[in-house]
Amino acid sequence: MTTEKQTPLLVDLHVKYIQSLDTKKDDLEYWLTEHLRLSGVYWGLTALDLLNNVDALKKEDVVKYVISCQHDNGSLSGFGGHVGHDPHLLYTLYSVQILVIEDSLDAVNVDKIVEYVASLQDHATGAFRGDEWGEIDTRFSYGALSCLSLLKRLDAVNVSKAVEFIMLCKNFDGGFGSSPGAESHAGQIFCCVGALAIVNSLHLVDADLLGWWLCERQLKNGGLNGRPEKLEDVCYSWWVLSALSILGRLHWINKEKLIEFVLAAQDPEGGGIADRPGDMVDVFHTLFGIAGLSLLGYPGLKLVDPVYCLPKHVVQRIGLAERYHV
Amino acid sequence: MTLEAEVWNDITPIPQDDGPDPLAPIAYNPEYAKAMGYFRAVAQKDERSERALDLTEQIIEHNPAHYTIWRYRQQILFFLNKNLYEELDFVDEQIKYNPKNYQLWHHRQIIVEKLMDVSRELPFINNVLNDDAKNYHAWTYRQWVIKTFNLWEGELEFIDKYLDKDVRNNSAWNQRYFAIFFNPNKPTDDFLAQEINYVIEKIKLAPNNISPWNYIKGVIAKSDKDIDILEGLCKEVEEQKIISPHALGCLVDIHESRARNGSATDKAEGIKICITLAEKHDTIRKNYWEYRKVTLASI
């Protein structure tokens, strides 16, 4: 721990930064990230709620926008990344997460969403595709199970098959990859551990071995990387920490050093958090930096739920908190 | 490529609809905005034509992560019965600029599944790995290629080259595990004994490199050997006055396994090492080593 004074979390600046995101239409970046518009709303809104400022985005506008991204096409009625984009599981999850935060699930046809998500499961392997033509990846196992759990409709898919597939992706180092045999990666580990937590299957995880692998991600500067011998990045403050937290081993990393690293990645002028100190900020790293700080018990932030990546009070409101345990 | 007016004179572009706000002026890249306007119009009537194919190319060049475009492009390619080898050329070119783009890798896989011709795939992957030897997509795609086309032979030699270049390449270590244990020909105990010796030599090159330590424990778990066989290696590292938390951690594993078989000396020795790690050699993970210590003490 250093004794020199560090910049605190710049709450007001981050709120302003997130509010300003939708007004930057003169930037090329705004147009080139059109496919991420809905994700951006989820990242921004969740961050704002953790910062005690959920009203900084107008609820009515948010809900209206999310609804405009849903397709109305039989079993393909998922959500696209923006108006007019094809339906995809990831954006369907983000939409459900946003609607749960805004307590507005009644604004959409839940049965249609359930039908869409269920249609993406591969019956032979239990795995999930990202969309009806897309690739198989454990990210989508998490996406599907998280989404259905938030909708209280896990009965719509074959959960034991889904778990079977996830376990095929478990590696010799205790971690998980994107597909059977693929390298362990902190992002995929969050997805697999989170998915297993949702369906009460954490007993299948080798918590000591994986916990070691996860805490081994912390580097001397306090930051975390996502794989051995890779660079540290603020987003792993979420992927690594959430998995450790679910496994009850959050204290295996050095909290003070990580807090210092995340705070140093803030932009002290424009707000927002970058992947590492000195880089350009974006809303993705802003959320995962703040969510990581929340898990670390940083004062003044609302608690985040490590499984759903939603504010804990939201998960409690719908009755899902504390139903998973190691 | 530009958008020639005469090719498109029957199409009315559909402008971006960003919700209730009035359409904001686009300060940059009017070409992209124009292409997207035409895309919305042709996609709406599901036009599968040469000009629509050209349009997808133009949009992909601007924005390869626009996943809706890729799907549309595939539909057009298959509908028009296009030469898919030319499509591989297209991916070869695009991957140089977007080696971590999910859509591009998946697109490649879909094209190769149609062609059922693997001749270009390993050279293609090698090119990407030459630029970034840890590209997650490239290694995962390589696994798909090997499994689908039964190309297990020579994979270990291939990985050797990568480990010779960089013994810290975790992706290459993982690929080694894949090449040995996902191979339909199961490895013999003799083979695994040789493999363990191979890893021991690599660990000696860089004892602070976590990847082979993780890997060797994975191999031992699959073999008829016990973690005990690493004791000599750990001692050797120690004698060279190299402080390696991984070698010390491995000793903790060894002592713990012997303590479980009733050895009190090993229990005491293991606890001693945990304390050194927590207080001196791996202080950032102090709580982990405390936990190991408490576990040992409770045996």
Side-chain angles (χ1 to χ4, degrees), chain A residues 22-23 25-37 61 64-65 68 80-86 88 130-135 137 171-175 177-185 188 208-209 211-213 215-216 218-220 222 227-230 249 251-254 257, chain B residues 14 16-21 24-29 32-33 36 40 43 62-63 65-68 71-72 74 102 105-106 109-110 134 136 139-140 143-144 147 166 168-171 173-175 177-178 181-182 209-211 214-215 217-219 221-222 249 283-288 291 295:
Chain A
D22 208 41
T23 60
K25 294 183 181 174
D26 280 352
D27 292 355
L28 176 60
E29 193 62 21
Y30 180 86
W31 299 94
L32 289 188
T33 54
E34 184 185 288
H35 60 285
L36 289 175
R37 199 67 40 82
D61 293 348
K64 210 156 100 191
Y65 171 69
S68 74
H82 187 49
V83 182
H85 288 233
D86 284 351
H88 193 286
D131 58 22
E132 93 255 35
W133 62 285
E135 75 233 79
D137 186 317
N171 289 321
F172 58 88
D173 52 20
S178 60
S179 56
E183 186 183 0
S184 294
H185 181 291
Q188 310 288 153
D208 281 349
L209 185 62
W212 158 249
W213 190 94
C215 75
E216 223 276 322
Q218 189 165 33
L219 304 174
K220 284 206 171 68
R227 290 186 271 161
E229 294 292 328
K230 298 279 286 182
R249 282 155 175 78
H251 58 292
W252 283 6
I253 57 122
N254 184 314
K257 279 186 153 258
Chain B
I14 301 176
Q16 171 73 19
D17 173 13
D18 263 338
D21 292 350
I26 305 159
Y28 297 91
N29 223 317
Y32 177 70
M36 282 303 296
R40 286 181 207 102
H62 283 295
N63 187 8
H66 195 308
Y67 65 97
T68 302
R71 163 120 203 264
Y72 186 45
Q74 285 153 10
Y102 282 101
W105 286 98
H106 185 57
Q109 183 177 328
I110 286 178
K134 298 177 182 177
Y136 196 87
W139 287 105
T140 309
Q143 294 189 349
W144 176 78
K147 267 191 289 193
D166 177 13
R168 294 173 185 270
N169 184 339
N170 194 61
S171 306
W173 284 107
N174 183 73
Q175 185 73 358
Y177 193 90
F178 172 80
F181 296 104
F182 283 69
N209 174 17
I210 182 76
S211 302
N214 285 341
Y215 173 74
K217 289 177 198 169
V219 176
K222 286 272 192 180
T283 50
I284 202 164
R285 275 167 283 277
K286 183 174 189 284
N287 289 340
Y288 171 76
Y291 171 83
T295 309

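Everything quoted here is computed from the prediction, not taken from an experiment. Reminder, nothing fancy here: chain letters follow the sequence lines and each chain counts from 1.
Each of A/Gly211, A/Pro180, A/Gly222, A/Gly177 has some count of heavy-atom pairs under 4.5 Å with chain B, and the biggest count is that of A/Pro180. For chain A, the option among B/Phe182, B/Phe178, B/Trp139 with the highest count of heavy-atom pairs below 4.5 Å is B/Phe182. The choice from B/Lys222, B/Arg71, B/Gln143 that makes the most heavy-atom pairs within less than 4.5 Å of chain A is B/Arg71. The candidate from A/Asp208, A/Asp137, A/Ile253 with the greatest count of non-hydrogen atom pairs under 4.5 Å with chain B is A/Asp208. Taking chain B as the reference chain and counting heavy-atom pairs below 4.5 Å, the highest number among A/His88, A/Arg227, A/His251, A/Lys230 is found for A/Arg227.
Judged purely by atom type and a 3.5 angstrom limit, B/Tyr136 has no side-chain atom pairing as donor or acceptor with the backbone of A/His185. Of the possible polar contacts, none joining the B/Arg168 side chain to the A/Pro228 backbone as a donor-acceptor pair under 3.5 Å is found. Between the side chain of B/Thr140 and the main chain of A/Ala182, no donor-acceptor pair closer than 3.5 Å is present. Under the 3.5 Å distance criterion, the side-chain polar atoms of A/Glu183 are left unmatched by any main-chain donor or acceptor of B/Gln175. Side chain of B/Asn174 to backbone of A/Gly181: a donor-acceptor contact under 3.5 angstrom is found. The backbone N or O of A/Phe172 sits nowhere less than 3.5 Å from a side-chain atom of B/Lys217 that would complete a donor-acceptor pair. The backbone N or O of B/Asn214 lies less than 3.5 Å from no partner atom in the side chain of A/Asp173, so there is not a single donor-acceptor pair.
Remark: B/Asn170 CG to A/Ser184 OG distance equals 7.5 Å, nearest 0.5 Å. The CD atom of B/Gln109 sits 8.5 Å away from atom CD of A/Glu135, with the distance rounded to the nearest 0.5 Å.
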Full working for side chain to side chain contact (heavy atoms under 4.5 Å, CB included) between A/Lys257 and B/Ile284: CA-CA 9 Å; A/Lys257 279 186 153 258; B/Ile284 202 164; 3.7 Å; yes
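Heavy atoms closer than 4.5 Å to chain B are found in the backbone of A/Leu219, but not in its side chain. Both the backbone and the side chain of A/Trp212 come within contact range of chain B, with heavy atoms under 4.5 Å apart. Contact annotation for B/Lys147: only side-chain heavy atoms (C-beta onward) come within less than 4.5 Å of a heavy atom of chain A. For B/Ile210, the part sitting under 4.5 Å from any heavy atom of chain A is the side chain, from C-beta outward, and nothing else. Of the atoms belonging to B/Gln74, it is side-chain heavy atoms, and not backbone ones, that fall under 4.5 Å from chain A. In this structure, chain B has no heavy atom under 4.5 Å from any part of A/Ser68.
The aromatic rings of B/Tyr67 and A/His85 sit tilted relative to each other, their planes meeting at an angle between 30° and 60°. The aromatic rings of A/Trp252 and B/Tyr291 lie tilted to each other, with the angle between the two planes from 30° to 60°.
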